[in-house]
There are 2 protein chains.
Amino acid sequence: MATIYEVSKAAGVSLATVSRVINKNAVVSAKTREKVEQAMLDLGYRPNTIAQSLASSKSNSVGVLVSELDSPFFGEMMSGIETELRRAGKQVIFAAGHNTEKIEKESIEFLLSRFCDALIIHVEETPEEYLQQLSEGKVPIYLINRVLDSMKNRCVHMNNELGGYRATKFALDNGHTQIAYIAGPQQKEDAMERLRGYQQALTESGIDFDDSLIVYGDYSEQSGSDCYKQLVDKPKKFSALICGNDEMASGAMKQARDEGVDIPNDLSIIGFDNTSFAQYLYPQLTTIDNPIGQMGQMAACMVLNDVYGHKHAIQRYFEPELVKRKSLIQYTE
Amino acid sequence: MATIYEVSKAAGVSLATVSRVINKNAVVSAKTREKVEQAMLDLGYRPNTIAQSLASSKSNSVGVLVSELDSPFFGEMMSGIETELRRAGKQVIFAAGHNTEKIEKESIEFLLSRFCDALIIHVEETPEEYLQQLSEGKVPIYLINRVLDSMKNRCVHMNNELGGYRATKFALDNGHTQIAYIAGPQQKEDAMERLRGYQQALTESGIDFDDSLIVYGDYSEQSGSDCYKQLVDKPKKFSALICGNDEMASGAMKQARDEGVDIPNDLSIIGFDNTSFAQYLYPQLTTIDNPIGQMGQMAACMVLNDVYGHKHAIQRYFEPELVKRKSLIQYTE
DNA sequence: TTGTAGGCGTTATCAA
DNA sequence: TTGATAACGCCTACAA
């Protein structure tokens, strides 16, 4: 592979000049630039990114930590990030944290050891103190779906409460008043925010919400089924069921169907996240769209601005929209 | 960050010696090694991977090209690759080809420009000649789901024909004799292989297969619905339907249900791939498991062996298994 | 506007 | 078994 040195000889200029036209930072006369560019073309020259990194102490790569590589949710997030960063010629390194504090930490250190210029991370288990400490290091850290006061301008998040609210409001607007809720784990903040939205919508409508209509799952499909069983065992009846995520909605749907309940005629269901399989469910799931792809893209733009001097417009806050499909219908006696 | 130089000073040895203990390749006296290791510990030394790469002309990173980052199928593949490579301390760079010849090519060149030590690629559109040419370059190329004679030992693939055969055989074994087939695109080799398996199973059972029971889709869910319509418009009846992939199976199920057909009581359905949403479908889809995660892992092992001198056991050929779920039942009059 | 030269942190070749 | 020292390919003051 041709080096900058050979290019400089071929073009009859110095190393430094070639470097200048590569990096387009310093001014080079049009004539010289042309000569150099021609020489690069002739030689099929491609800068050696590794040498560039070593000399400039920039790796032109950004590390991304997701929980799982094989999940529709994180798939969208990765895709959003990769598209934006690729366009800018940056390299993306993905690592999986598997919802485990230990692995999340190892992954972060792995990414750091590869000299990433920035990290975009979606962590579940990493304690705030560690993030805090990280953010004080030289490598900037960007958070998705988590907000730390001390680094607000590097966090992008969605209003989960509003999502829960909108789902519930939609059920209310369709005449439902007995609305059950299968929430995510109580120790997960997003789960609790979504639940709060539910409660707020009910309160706002003058409906006393009944704790017995709320059960807690762990976001898995199985727990959706289990929670549904708990719910029907209670005396309180309900015509609509809102779930903390689509997986649990799917589990609940299956269980309900197994018990002979017709969805949506006997029971309306709303999910959360608009995971890609939501449209494969039967009936197609009405849910709340989680714009995770866009959020990933925004995080990428923030990195591009802060680290590489770009000027993208930034949006740090997102609002989830309702996606109307077939699992909820107007309430009838 | 401490450098190798500081370590050498602290340990009272030369640069070269430190390098030796880092790379564990040359022999170093136990005493010296200990001194050096202590010094590294004291200084919190971590080798600079970029400098290592420049000096050794190995990037310790491998490029992976998938069609989409946000797909359950490729998710599994990426996950299999990443797990194996991460364990070996190698870095993985993913790029998406989006089923487009142009983008696939750009992505490959991007990966190459980042000095990957090897490429693992899953390409749909890239012509054989280009792959051929690539494989003659200095960077070794590994293919998943595609076999080129000239590089057989760098290809890992699954027996698609056997998959089609097993699906069909299962339907036959359950008493079905009128079996329709929704195939993938005719220009895709895997689609045709799966179809051949179907035909072979029928022939073997002494059943004349009827071309009018075969229609061609494009692997999308929508085309599954469309193909189902075509099928029922024909005079020929069928009690089982095999689909070239799970997406089309889902589309066909939806359409059938919309037309009042009860699955599996009126019609049995089998998919292909065992995509993650197959279990979310109603009824849960009986399908053929595509071990794409394992295949990815194997490709990673091959790279590890060939490029980094490991000694993993290698399997280049995989056989797909039937996954029995709920969408097929015994045929009854 | 261009050129010179030192340095980035390692590896690897030769001697010793 | 160890130590000098020249690469590796590029960036970036500083000088001209």
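Residue numbering restarts at 1 for every chain, and letters A, B, ... go by the order of the sequence lines.
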Pairs meeting criterion side-chain hydrogen bond (donor to acceptor under 3.5 Å, both in side chains) with involvement of residues 6-18 of chain B, two or more places apart
B:Ser14-B:Thr17

When you check the phosphate oxygens OP1 and OP2 of D:dT1, does a side-chain N or O of B:Thr17 lie under 4.0 Å from one of them?
no

Using a strict 4.0 Å threshold on nitrogen-to-oxygen distance, state whether A:Arg87 and A:Glu84 make a salt bridge.
yes

With sequence neighbours left out, write down each residue that passes salt bridge (Lys or Arg N to Asp or Glu O under 4.0 Å) with B:Glu101, or none if nothing qualifies.
none

Would you say the ring centers of A:Phe318 and A:His157 fall short of 6.0 Å from each other?
no

Sugar-phosphate atoms are those with a prime plus P, OP1 and OP2; base atoms are the rest. Using that split, label each nucleotide of nucleotides 7-16 of chain C B, S or - for protein heavy atoms under 4.0 Å, 5' to 3'.
BBBBBB----

Base, sugar-phosphate alone, or nothing: which one does B:Ser57 contact when heavy atoms must sit under 4.0 Å apart?
nothing

Run the salt-bridge test on B:Glu124 and B:Lys188 with the 4.0 Å N-O cut-off and return the result as yes or no.
yes

Spacing between A:Lys58 atom NZ and D:dG9 atom P, to the nearest angstrom
23 Å

